[in-house]
Structure formats: structure tokens, C-alpha cells
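Worksheet for the structure shown next.
Per chain, numbering begins at 1; letters A, B, ... match sequence-line order. Only a predicted model underlies this, so the values are computations on that prediction, with no experimental measurement involved.
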Amino acid sequence: MAEGIRPGHKEFIISETKDIADGLREFTFEKGLAVEPGQYVMAWIPGASENPLSVRSGYPFKLAVKKRGGWSEAFHRKQTGDSVFVRGPYGRGFTGFIDRYDIPSSTPVIGIAGGYGSVPVLSALEYLEANGFSVLRAMLGAKTRSGLLYLEEFWEKLQEESVLAATEDGSEGRQGMVTGLFENWHELGISGEAEPYFLVCGPEKMIRAAAQEAERHTAPERILVSLERYMKCGHGICGNCEEDGLSVCQDGPVFPYSELAGNRAFGIYERTKSGRRENYDL
Amino acid sequence: MHERAGDRGKIDLSYTLRGLVFDPAIMNASGFLCYPSVLKRYESCLGGLVTKSTGIKEKEGNETPIVACSGQGWINAVGLPNPGIRGMAEELKELYPFRVPLILSVFANTVEEIPELIGRSYGCCDAYELNVSCPNIKEGETTGIAIGMDHGLVGDFTRAAVEQAKERGGKPVIVKLTPALYIADDIRKTRTLKTAQAAVEAGAAALACINTVPGGMVIDIYAREPVLSARYGGMSGPGIRPIGVGMTYAIHEAFPDIPIIGCGGIETPEHAVEYVEAGASAVQIGSALFSREGTLEKTGFIDGFTRELAALCERLGVAELSELRGAAHGRRHQARA
């Protein structure tokens, strides 16, 4: 490929749609896409704009879309046989960090997901399970039971006893925030000598709180957090997704927590469409 | 010459503009990197930093898609999103001063907006780049290229900015020009030179040449739609370099004393030297950053670029990049003599 050329969108035809929960719809496509769990694509609905989406799986290629505005509503109107135009995948995912070093498959890996974060976390745990990792756990959090996305899939892959859930209204599992589940840490049966990996995804303040808890159980290099930012270009150019100068779209979206030490944006602010900084709610 | 990353031995790649030292004489083009926190990560490799173009008030810019690869570069219709001068100044104040000169790019719809733009930011930048060339404006908007197509307006806006800067201490105002007039110009480049002259006579410290080439379109033949939501966008990258080089050459030929910052399609040190020999004193790099993925690759690219530029200067037999300025004009004069 000539220097400087970056492929544009490719057409993907929908072969199946499935409603998961809470306005989340899963789209399966006829063609597959080589994706590392934790990476994302820019999905273009001609006439409606393009937005980043964490990939649910590569083979088959699946995207999960939450309905909450113009672009996602246009996406939800698409049916089997319709097309979506996708470029990517982009960014550093979860499993590349684990693949890169010869991590023994007995290493415990704990996924921590809040809300939509279930998508990349489940995708990564499925990959690890298929590659012989035997000690897999999940801590899931949401406002209410219906927000625990893919709960049944987590139970199926990991066995129910390996999945801890927390809901703010107590409708499933422990009442409270997902970080409260660390008080049930002993239930996960992870040896004190182990150096587990954590895969964390969800609202940024949740990620920061969860990572701080996870640090009591492992080194910060082994806590992988997936950040979400409004991305306009996906090429590290427009600066909208910047995290104290790092590009979430290219340097991330997954970062080892150790790389975010001292980061002036992490858990503090994100940028709106205009690029104005906006602090997260306290 | 001080020791910095991208060490280039004894070759002087610097350029000094009214006391501001750009070492190396390489900056990012406006619209790339954009925000102070991002620019900060490049202050050890670039010799100058240019912010995203900032206006009086907050602006969201265009709906995505905003960029598309053309195969010879890129087209963009980003649409000047920015947090407004207050927001940008607030961010700059947290980090200013940087290790290298920080140029605040500004755009205005009327000359009446200039005092507030300069006034709110004067203390947190080293120079201004007046954007009278962005083609991504909406119908009825009077900024960017709407100014740049009219040499009278270029003069008016430049004069206003220069006066405001002068009142406060005289930080340099660089004027970034559009190639649109040049592309349609007559053989003598009349309109191009008239515009350059207007900026210079109004007090511009330097001209940045060029902004994007307007009117580019990329169609996705499967979607059967233009990719950009705005349909048309400004062209950048290697495909436009001859336009930038040509316009630099034309301006330098007519006004050899005017500092020019060359911009447009620079990918290699050879391209940078091409601009310098055309008449530029420094260069800006933008689209070359598209294809380097991640902060480490982007900064590494600039470090490598700088080292190779020094090596190229050595091969060309010069100890200073500035010795090559305008070198492509010499032989013609000799031949005619």
C-alpha cells in the first residue's frame, strides 16, 4: 500500500439483527472483519454521519448499537439486507496486550464492565476462553437489571458463579456501584499469589474507581482500561478525543492504567463536539 | 543550536522570526493536533506549534464524516470546530509558555471581532496566524476563504490584527493564504501578488502559503454518496504540493524580503527543501501525520524527518537551512544576465 493511503469505508450487509436489552441492538454482517477485541470501527450511515463503535466480534462481524440519537436511530432503522459502511478497525484493543507477552493461560483475567462496557469486555473474555484461558471472571454494573448487557452470555461463557453483578436499584445482584463488588472479591476464588489482568470498560469515572480498587490486587501495567471519547476522525488528527494529549482513537482506546498515571484528563473531562472541555459530573 | 531530540549535529535548521526562534524550522499545520494538551506532546520535536483555528464563539463544526483519503492525500471539511477564544485561552494559560513558539491560529467574521480575539489571548501565545483561507465555511459566512479571495479584505483584517498586537507589544501576525486565487490567476500571478502585497503592507510578519485547495470531493461508489457530510472539502497532502511550491515561488520572486512559511503536501525532507528553495524560511507539516498512527509514531516521524533534513542539507553542501532559501530563483537570473 502506498505511503499515506488509508483505506476508506467498506460496505457491510446486515445478515441478522437481534435486540439485546435496553435499546441495544446487535447487528450481524455477511462478511467478517479481522478485529482484536477492544478495537473499534467508524460506522458510517450515509446521510446520517459516522461514529465510533466498539466491535462485538469479528468472525462473524457484529456491532451492538445503543439507540440514543440521530445516528443510532438511523442505524436501528436498518434491516437485514441493508448496508452499513465501516472503516477500521482502529486502535489498541484488550487482547493485544495479553497476546504480546507469553502470559500463561492460567493467569486469572477479570472483566469489569459498566453499561455498554460489556461489549468489548465480553468480546475479550470470549477470545481468551477460546484460547485456553481458564480463570475468567466478570464484575458487571448497571443502573438496573436490564442495563446488565449480555448478562446471559457472561453466565454462559464464564459460569454464573464467576459473574458478580451490581445494580444501583438492587434489581439484580448487589445493590450499589460495580466497584462495591470488590467487597465480594473472595467469592471469585483468585489466589493471593496470582497476578491477574483486569479489563475495564464503562463510564470513565467508574473506570477510574475500579482501576484504583484493582491496583490492590495487581500491578497497574496489568489493569487495561478502555476509554470512550467522542471521535470525529479516528486518525489522531482533530484532537477531539484527546486524553491530556494522548489520542484515545490511536494511542487507545485501551491503555494500561500505568500509562494514565498523572493524566490530567482521565476521569476529569472530555471534549464536546466543539472541542470545549467539559468536566464529568461529580 | 541547543541539544534537542532529533539531534542533527552541526547543521542549523533554525529560523528566527522577529525574535522567535523556531528550531527546527518545522511546525505542525493548523488543524492537526489542535489542542494545547496535544501540542505539548510535540514541543520536543517540532520547532513551533500551531493551534486549531479559534474564533470568537464556540463552534461545533460539521457533522461527520469530516475527513476522507483521496489516494494522493486527504480532503477535509472539519468546519472550524473550536471552544471559542475564552476556552482556548483558558487551556493555553494552563500550559504556556511551551518549549517552542506557540502560534495561535484565529479566524474572524468581521474586523470588529479582532480586538477580542487578540485581547483575550495575547498573554498566552507567541504569535498569531490569521486564517483567511479555510474553505470550509457555510453560505453567508464571511470568514476564512471569504476574506482570502479579496485582497482588500485581507488587508483590512491583517491591519486590524497587527494594530491590536502592536498595542499590546507587537507579537508577530502571520497571514495564511488560500491557493484559490493562484490556481485561477493569470500568467503574471496578478491577484496572488496583490493579496500577498496587501497582507504585507498591512504589517504581516510572514505569509503561510498554502491552506487547502478548495472543492475536493471523494465519492464512495458503493454508497453512491460523497463521503464528507459537507460533500466538498479542502484538499491536502502530496497531491497539492506543486500548487504550494508554485505559489511560494511566485510570491518570493516578487517579494524576496517577505518571510514565507511553506505548507502543503510535505512528506519528506526533500519536499521541505523544495519549499525553501522556492522561497520559504520555515515549513508546516499536516497530512503527513495522518498516516503515522499514534503519538509515538507521529513524534518519531518528526524526529526522523528532522535528522534526515539535516543530512540532506549536508549533502547539498550547506551548514544552514537558510542558505537554501530562494535558491531555485538564482540560475534564471544568471541565465538572463
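- Options A:K232, A:K10, A:E11 differ in how many heavy-atom pairs under 4.5 Å they form with chain B, and the most are formed by A:K232.
- In summary, the side chains of B:N131 and B:S105 do not present any donor paired with an acceptor at a separation below 3.5 Å, with no hydrogens or angles considered.
- Salt bridge status for A:E16 with A:K62: absent, with no side-chain N to carboxylate O gap under 4.0 Å.
- With ring centers used as reference points, A:F61 lies under 6.0 Å from A:F12.
- Taking the ring centroids of A:F27 and A:F75, they lie under the 6.0 Å cut-off.
- The aromatic ring centroids of A:F94 and A:Y127 lie 6.0 Å or more from each other.
- With 3.5 Å as the limit, one finds no donor-acceptor pair spanning the side chains of A:E50 and B:T64.
- For the set A:C238, A:G252, A:G8, A:A48, the entry with the most heavy-atom pairs within less than 4.5 Å of chain B is A:C238.
- Heavy atoms closer than 4.5 Å to chain A are found in the backbone of B:P226, but not in its side chain.
- Proximity to chain A (any heavy atom under 4.5 Å) is restricted, for B:L95, to the side chain, taken from C-beta onward.
- Your options are A:H9, A:R264, A:R277, and the one with the most heavy-atom pairs under 4.5 Å with chain B is A:R277.
- At a 4.5 Å heavy-atom cutoff, the contact between B:K59 and chain A is made by backbone atoms alone.
- At a 4.5 Å heavy-atom cutoff, the contact between B:T295 and chain A is made by backbone and side-chain atoms alike.
- Only the side chain of B:E94 comes within contact range of chain A, judged by heavy atoms closer than 4.5 Å.
- Residues passing the side chain to side chain donor-acceptor pair (under 3.5 Å) test with A:N51, sequence neighbours excluded: none.
- Contact of B:V227 with chain A is made through backbone and side chain together, with heavy-atom distances under 4.5 Å.
- Chain A forms more heavy-atom pairs under 4.5 Å with one residue of B:K40, B:E91, B:M88, B:Q72 than with any other, namely B:E91.
- Chain A forms the most heavy-atom pairs under 4.5 Å with one residue out of B:L289, B:L39, B:D220, and that residue is B:D220.
- For the 3.5 Å distance criterion, the side chains of B:S121 and B:Y128 qualify, holding a donor opposite an acceptor.
- Between the side chains of A:S274 and B:E58, at least one donor N or O sits under 3.5 Å from an acceptor N or O.
- Contacts between B:K52 and chain A at a heavy-atom distance below 4.5 Å are absent for every atom of the residue.
- Proximity to chain A (any heavy atom under 4.5 Å) is shown, for B:A223, by both the backbone and the side chain.
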